[in-house]
Amino acid sequence: MKVFNTLTRQKEEFKPLVPGQISMYVCGPTVYNYIHIGNARSAIAFDTIRRYFEYKGYQVKYVSNFTDVDDKMINEARAEGTTVPELAERYIKAFLEDTTALNIEPATLHPRATHEIPAIIDFVQNLIDKGYAYEVDGDVYYRAKKFANYGQLSDQNIDQLEEGASKHVNDEEQGRKEDPIDFALWKGQKAPDEIAWDSPWGKGRPGWHIECSVMSTKYLGDTFDIHGGGQDLEFPHHENEIAQSEAKTGQKFVNYWLHNGFVTVGKDEEKMSKSLHNFVTVHDILQKVDPQVLRFFMASVQYRSQINYSEENLEQAATILNRFKNTLEDVEGRLSDQTASQADPELTAALSKTKEAFEAAMDDDFNVQNALTAIYELLPVVNSNVNSAASDKEALKTFVKNLKAWLLVFGVDAGRLVKSESSEDDSEIEALVAERTKARQEKNWARSDEIRDQLQAMGIVLKDTPQGTRWSRE
RNA sequence: GGCGGUGUAGCCAAGUGGUAAGGCAGAGGUCUGCAAAACCUUAAUCGUCGGUUCGACUCCGAUCCCCGCCUCCA
């Protein structure tokens with residue numbers, strides 16, 4: 001299979017370090033608020049990728065961090081009159097709730113910056129010892145120009161970076177650095193009430209970039225397969241991770257860099273961000289949108305493409321999920337009726353063709369659009385078989401099995417889709433359906449329609465088929 | 001200014017040097033007592049201007065629009 005590697009800006013044949021196993025690290029959120037749909041997009045993009053690897057039979061070790069200390073955390077905690085650890089606890093919990101609702105698999109490991117302070121200090125000290133870092137008044141900075149390949153990931157030219165940097169100089173900090181493009185590995189404590197840990201350079205806390213280098217190499221090794229994150233992290237975050245990690249280990253840090261596209265909002269399709277005040281949290285959306293719909297919508301856009309978040313696009317996703325639901329229900333109905341099975345070579349052929357097309361599409365840098373197209377083209381073949389006098393029950397069973405596996409790659413739980421859990425009013429519904437069937441036999445259409453309306457008001461949808469009337473919940 | 005992405009029917013969205021997949025919505029039809037669901041039929045010459053070619057949406061050049069990164073950010 002092929003993946004688009006940001007490092008080389010082209011699709012490359014994917015080969016894991018260890019056959020059958022994949023190590024991947026994905027930058028997680030800073031936990032100072034509910035996650036927004038941009039965070040969700042990243043989590044969903046890489047969860048979908050992970051699930052496809054698992055579909056293919058790979059064993060995936062998936063590490064994703066929580067940034068639980070940094071300026072934003074400190075500011076927010078201050079604003080709320082609480083502590084950084086309390087803030088972190090609260091929003092990590094919220095993160096897990098939201099991602100569970102979106103059917104995102106928990107990471108194999110969810111390390112946290114504040115739980116790795118000794119390892120971070122060792123890492124920084126190692127960089128100082130090697131001459132890649134220097135201490136100034138309790139801060140430690142990375143000497144970017146010392147790292148020969150600085151800028152390789154984002155194709156940035158160091159000289160031009162300096163120009164850019166000079167426009168945004170944070171005067172005070174810049175004064176301490178040897179060079180404007182140097183970045184902080186360790187930040188000295190600025191105020192007595194600021195959260196801090198003891199270090200060889202005095203009290204302080206880790207810089208943002210260092211935690212990812214430390215945690216990824218600690219849990220996945222000096223070199224690992226895949227590192228993911230949003231496009232906005234390419235520079236400087238990932239650039240800096242490479243510089244830190246490779247300077248320390250002398251090994252190639254990551255073989256494949258994958259970056260997901262943004263979520264845009266509104267008619268102007270602006271990037272969603274806090275500073276533009278147009279961000280939407282998952283927590284809020286899920287008050288009114290079915291989590292499966294949001295999940296499917298975001299998973300159905302290729303990870304590198306931009307997603308425009310809009311009501312209309314969500315509705316389209318909901319419509320498609322509804323088609324899957326209807327087909328699954330109809331198939332289940334046929335599988336449980338008493339008619340004889342009859343082989344349908346066309347359906348059998350379509351099934352294997354779809355499987356092939358689905359996998360070929362996903363093997364091509366996770367081309368989810370083409371993978372879905374393959375499934376869409378299969379539906380009419382299946383539905384036609386379902387509607388025929390004698391269906392191919394063996395083939396339909398295979399279809400259900402395959403569809404479930406395919407939908408799971410997108411994070412959609414087919415079982416939840418058709419959720420036919422029984423409830424206390426089941427017997428009442430059955431009775432009404434039976435009464436309606438009797439009324440229909442007597443051609444009492446008025447009564448028949450009355451019952452249907454009554455059921456509809458209860459959220460029950462009826463389907464009259466040659467094999468009898470079936471009902472399901474909306 | 002540097003780097004990168006994007007522009008295909010109302011919307012979402014594939015794709016290739018040889019005459020534009022698929023989905024949604026819309027329209028028509030079939031099935032149905034009527035519905036629902038399903039099935040069938042149905043629409044674009046691919047931002048603009050040049051060039052290469054027997055032939056380009058796909059290659060080259062120019063140009064325009066939009067979006068992002070270069071500063072915290074998924």
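Convention: sequence-line order gives letters A, B, ...; per-chain numbering from 1.
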Student: State, to 0.1 Å, how close Gln231(A) and Arg304(A) come at their nearest heavy-atom pair, and which atoms those are.
Tutor: NE2-O, 3.7 Å
Student: Output one line per pair: protein atom, nucleotide atom from nucleotides 30-33 of chain B, and distance, for all N/O pairs under 3.5 Å.
Tutor:
| unit_1 | atom_1 | unit_2 | atom_2 | d |
| --- | --- | --- | --- | --- |
| rG33(B) | O6 | Arg440(A) | NE | 3.4 |
| rG33(B) | O6 | Ser448(A) | OG | 3.1 |
| rG33(B) | N1 | Asp449(A) | OD1 | 2.9 |
| rG33(B) | N2 | Asp449(A) | OD1 | 3.4 |
| rG33(B) | N2 | Asp449(A) | OD2 | 2.7 |

Student: Would you mind reading off the distance between Ile375(A) atom CD1 and rG22(B) atom P, rounded to a whole angstrom?
Tutor: 16 Å
Student: Return the 5'-most residue of the pair Trp208(A), Asp364(A) with respect to RNA chain B, ranking by each residue's nearest nucleotide.
Tutor: Asp364(A)
Student: Taking side chain to side chain donor-acceptor pair (under 3.5 Å) as the definition, give me every residue that meets it alongside Glu234(A), ordered by chain and number, with sequence neighbours left out.
Tutor: Arg9(A)
Student: Taking Phe53(A) as the fixed residue, which of Phe366(A), Phe46(A), Tyr256(A), Tyr62(A) is the one that meets the ring pair (Phe, Tyr, Trp, His ring centres under 6.0 Å) rule?
Tutor: Phe366(A)
Student: With sugar-phosphate meaning primed atoms plus P, OP1 and OP2, does Gly261(A) contact a base, only sugar-phosphate, or nothing at under 4.0 Å between heavy atoms?
Tutor: base
Student: Out of rA74(B), rA36(B), rC11(B), which nucleotide sits closest to the side chain of Glu312(A)?
Tutor: rC11(B)
Student: Looking only at side-chain atoms of Lys72(A), point me to the closest of rA14(B), rA74(B), rC72(B).
Tutor: rC72(B)
Student: Would you say Trp406(A) and Val412(A) make side-chain contact, with heavy atoms under 4.5 Å?
Tutor: no
Student: How would you list, by chain and number, every residue that makes a salt bridge (Lys or Arg N to Asp or Glu O under 4.0 Å) with Asp284(A), sequence neighbours excluded?
Tutor: none
Student: Hunt down the Watson-Crick or G-U wobble partner of rC72(B), both distances under 3.5 Å, from any strand shown, or write none.
Tutor: none
Student: Just the rounded figure in Å: distance from P of rC72(B) to CG of Asp68(A).
Tutor: 19 Å
Student: Just to be sure I understand the rule, does Gln231(A) reach a base, reach only the sugar-phosphate, or reach nothing, if contact means heavy atoms closer than 4.0 Å?
Tutor: nothing
Student: I want to check one thing: is the phosphate of rA74(B), taken as OP1 and OP2, less than 4.0 Å away from some side-chain N or O of Asn39(A)?
Tutor: yes
Student: Give me the distance, rounded to whole Å, that separates rG4(B) from rA9(B) when you measure between the C1' atoms they each carry.
Tutor: 29 Å
Student: State which residues pass salt bridge (Lys or Arg N to Asp or Glu O under 4.0 Å) with Asp330(A); sequence neighbours excluded, sorted by chain then number.
Tutor: Lys463(A), Arg470(A)
Student: How many whole angstroms separate atom CG of Leu379(A) from atom P of rA37(B)?
Tutor: 15 Å
Student: With P as the reference atom in both, quote the distance from rC11(B) to rG2(B) in angstrom, rounded to an integer.
Tutor: 33 Å
Student: Who is the Watson-Crick or G-U wobble partner of rC66(B), with both distances under 3.5 Å?
Tutor: rG5(B)
Student: With C1' as the reference atom in both, quote the distance from rC67(B) to rG47(B) in angstrom, rounded to an integer.
Tutor: 15 Å
Student: Would you measure the distance from the P atom in rU58(B) across to the matching atom in rU16(B) and give it in whole Å?
Tutor: 13 Å
Student: Could you tell me how far apart His259(A) (NE2) and rA74(B) (C1') are, to the nearest whole angstrom?
Tutor: 10 Å
Student: Assess whether one donor atom and one acceptor atom, taken from the side chain of Thr373(A) and the base of rA21(B), lie less than 3.5 Å apart.
Tutor: yes
Student: When the P atoms of rU41(B) and rC24(B) are considered, how many whole Å apart are they?
Tutor: 13 Å
Student: If the condition is salt bridge (Lys or Arg N to Asp or Glu O under 4.0 Å), which residues does Arg112(A) pass it with, not counting sequence neighbours?
Tutor: Asp68(A), Glu89(A)
Student: I want to check one thing: is the phosphate of rC24(B), taken as OP1 and OP2, less than 4.0 Å away from some side-chain N or O of Arg323(A)?
Tutor: yes
Student: Work out how far the C1' atom of rG7(B) is from that of rC65(B), and round it to whole angstrom.
Tutor: 8 Å
Student: What residues, two or more places apart in sequence or in another chain, satisfy salt bridge (Lys or Arg N to Asp or Glu O under 4.0 Å) together with Arg323(A)?
Tutor: none
Student: Distance check needed: rG23(B) P versus Phe324(A) CZ, whole Å only.
Tutor: 12 Å
Student: How many whole angstroms separate atom CD of Gln316(A) from atom P of rA13(B)?
Tutor: 9 Å
Student: Take the protein atom CG of Leu378(A) and the nucleotide atom C1' of rC39(B), then report the distance between them rounded to whole Å.
Tutor: 15 Å
Student: Any base atoms under 4.0 Å from Leu462(A), or only sugar-phosphate, or nothing? Heavy atoms, all strands.
Tutor: base
Student: So which one's nearest nucleotide on RNA chain B is more toward 5', Gly229(A) or Arg9(A)?
Tutor: Arg9(A)
Student: Expressed as a whole number of Å, how far does the C1' atom of rC12(B) sit from that of rA43(B)?
Tutor: 16 Å
Student: Within the 4.0 Å heavy-atom criterion, would you say Asn326(A) contacts the bases, only the backbone, or no part of the nucleic acid?
Tutor: sugar-phosphate
Student: Any side-chain N or O of Asn367(A) below 4.0 angstrom from OP1/OP2 of rG15(B)?
Tutor: yes
Student: What distance, rounded to whole Å, do you find between the two P atoms, one in rC46(B) and one in rC3(B)?
Tutor: 30 Å
Student: So which nucleotide does rA38(B) pair with, by the Watson-Crick or G-U wobble rule with both distances under 3.5 Å?
Tutor: rU30(B)
Student: Look at all strands and tell whether Asp71(A) reaches a base, only sugar-phosphate, or nothing, counting heavy atoms closer than 4.0 Å.
Tutor: nothing
Student: Does Asn383(A) make a side-chain N or O approach to OP1 or OP2 of rC39(B) shorter than 4.0 Å?
Tutor: yes
Student: Salt bridge or not between Asp364(A) and Lys11(A)? Use side-chain N to carboxylate O under 4.0 Å.
Tutor: yes
Student: Any carboxylate oxygen within less than 4.0 angstrom of a Lys/Arg side-chain nitrogen, looking at Arg205(A) and Asp71(A)?
Tutor: yes
Student: Does Gln156(A) put a side-chain nitrogen or oxygen below 4.0 Å from OP1 or OP2 of rC70(B)?
Tutor: no
Student: Please give, in whole Å, the distance from rU71(B) C1' to Asn240(A) CG?
Tutor: 13 Å
Student: Choose from rA14(B), rA36(B), rA74(B) the nucleotide whose nearest atom is closest to any side-chain atom of Gln369(A).
Tutor: rA14(B)
Student: Can you tell me the base-pairing partner of rU16(B)? Count Watson-Crick or G-U wobble geometry only, both distances below 3.5 Å, and say none if there is no partner.
Tutor: none
